[in-house]
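Here the structure comes first, spelled out in structure tokens, and everything after it is commentary.
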Number of protein chains: 2
Amino acid sequence: MAVHVLAVLAYKDGDRVTSAFLAGSINTHPVIVRRLLLALQRAKLVETSKGAGAGSRLNCSPSRINLAQVYRAVEDSEAFATPSRKPNAACPVGNCILETMERIFASAQQALEKDLEKTTLANVLDIIKASCLCEKKR
Amino acid sequence: MAVHVLAVLAYKDGDRVTSAFLAGSINTHPVIVRRLLLALQRAKLVETSKGAGAGSRLNCSPSRINLAQVYRAVEDSEAFATPSRKPNAACPVGNCILETMERIFASAQQALEKDLEKTTLANVLDIIKASCLCEKKR
DNA sequence: ACAAATGTAATCGTTACTGTTACTTAATTG
DNA sequence: CAATTAAGTAACAGTAACGATTACATTTGT
């Protein structure tokens, strides 16, 4: 949904867009969009104004926003988590499985984000615009 | 928890281990372990017998089991999912964001699993045994 | 036959997230 | 300056996923 928000903002190229409009495209509630926008603001990816005629717009060029940034802006927990209960430290495996897994998870997390980094919002826009042309030709 | 299970089985090297024992090391309930074992059986990573003196053991050498296999055996949904409600097809972005994101998610998923592939259960065991040596030296 | 262990279903509690309502706050416009 | 517009925010309901637990059936070895 965060990428969807940013894609619409990029599509609207600098115009301010309201949370209600974004919610209409995503098919969700404006409050959900506003919560997303708050996270995207913190990450300085969008800029939002209040009051009449207000709304949000991108804070930088779509080519300078990659999906790893979006992921980090919006996602506050990592892809993997260890169980809430601590393993039995009296067992040789239980004693060190946690830190072992954390290293493995950190590596996988990095690989995931590295892959997301490869795609920019501009790339996403290009795909969408290409699809639109296809639609029109029919 | 699945890696923990397999690590204990590898540590016990061929001996049959009960779900109660595994649960004791993980600090969870035997039924949770049995559910994991069912998934690991389906993936042919472990072999389980029923009845008195029964239990589970690895079905292949720890060096031939990598963590991507474990992940796929145990995890039935992917790391990313699209929202349950479909976007507004009347919006140019809403119309094609879904398939665009699915491509991006598939790539990230592959990157994640590729990274997990790099670590085998034997690697995990090595780390654990090395940690144990450290403990003993103190 | 008995005991040990898995397979399995039903249920509860917790957590996280989306959705919704309601209200406050801020900014623009007539 | 008042009215309107839109974001910020809190509170709460609904849903889904997962772990934990209990209970019971099933299988197997002694």
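A note on names: the letters A, B, ... follow the listed sequences, proteins ahead of strands, and every chain is numbered from 1.
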Taking distance alone, no hydrogens or angles, what donor-acceptor pairs closer than 3.5 Å link side-chain atoms of residues 5-12 of chain B to residues at least two apart or in another chain?
none

Count the heavy atoms of every other residue, nucleotide or ligand shown that sit under 6.0 Å from [atom1] of [X], and state whether that count exceeds 12.
| X | atom1 | result |
| --- | --- | --- |
| A/E117 | CD | yes |
| A/R72 | CZ | yes |
| A/E75 | CD | yes |

Next on the checklist: For B/F21, give me all partners under ring-ring contact (aromatic ring centres under 6.0 Å, His included), at least two apart in sequence or on another chain.
Outcome noted: none

Nearest-angstrom distance from the residue atom [atom1] of [X] to [atom2] of [N]:
| X | N | atom1 | atom2 | value |
| --- | --- | --- | --- | --- |
| A/L22 | C/dG19 | CG | P | 14 Å |
| A/I32 | D/dG14 | CD1 | P | 16 Å |
| A/H4 | C/dT18 | NE2 | P | 15 Å |
| A/L36 | C/dT18 | CG | P | 7 Å |
| B/M1 | D/dG19 | CE | C1' | 7 Å |
| A/H29 | C/dC17 | NE2 | P | 19 Å |

Item to check | B/K129 and B/D126 ion-paired at < 4.0 Å | outcome: no

Checklist entry - What residues in residues 74-92 of chain A put a non-hydrogen atom under 4.0 Å from any atom of DNA chain C? => result none

Checklist entry - Which nucleotides of nucleotides 1-13 of chain D have their base under 4.0 Å from a protein heavy atom (B), which only their sugar-phosphate (S), and which neither (-), written as one string 5' to 3'? => result ----BSBBBBB--

Checklist entry - Tell me the side chain to side chain donor-acceptor pair (under 3.5 Å) pairs involving residues 18-37 of chain A, sequence neighbours left out? => result A/H4-A/S25, A/S19-A/R34

Just distance, no hydrogens or angles: give the donor-acceptor pairs under 3.5 Å from side chains in residues 85-101 of chain A, sequence neighbours left out.
residue : atom : partner : partner atom : Å
A/N88   : OD1  : A/A90   : N            : 2.9
A/N88   : ND2  : B/G24   : O            : 3.3
A/T100  : OG1  : A/C96   : O            : 2.7

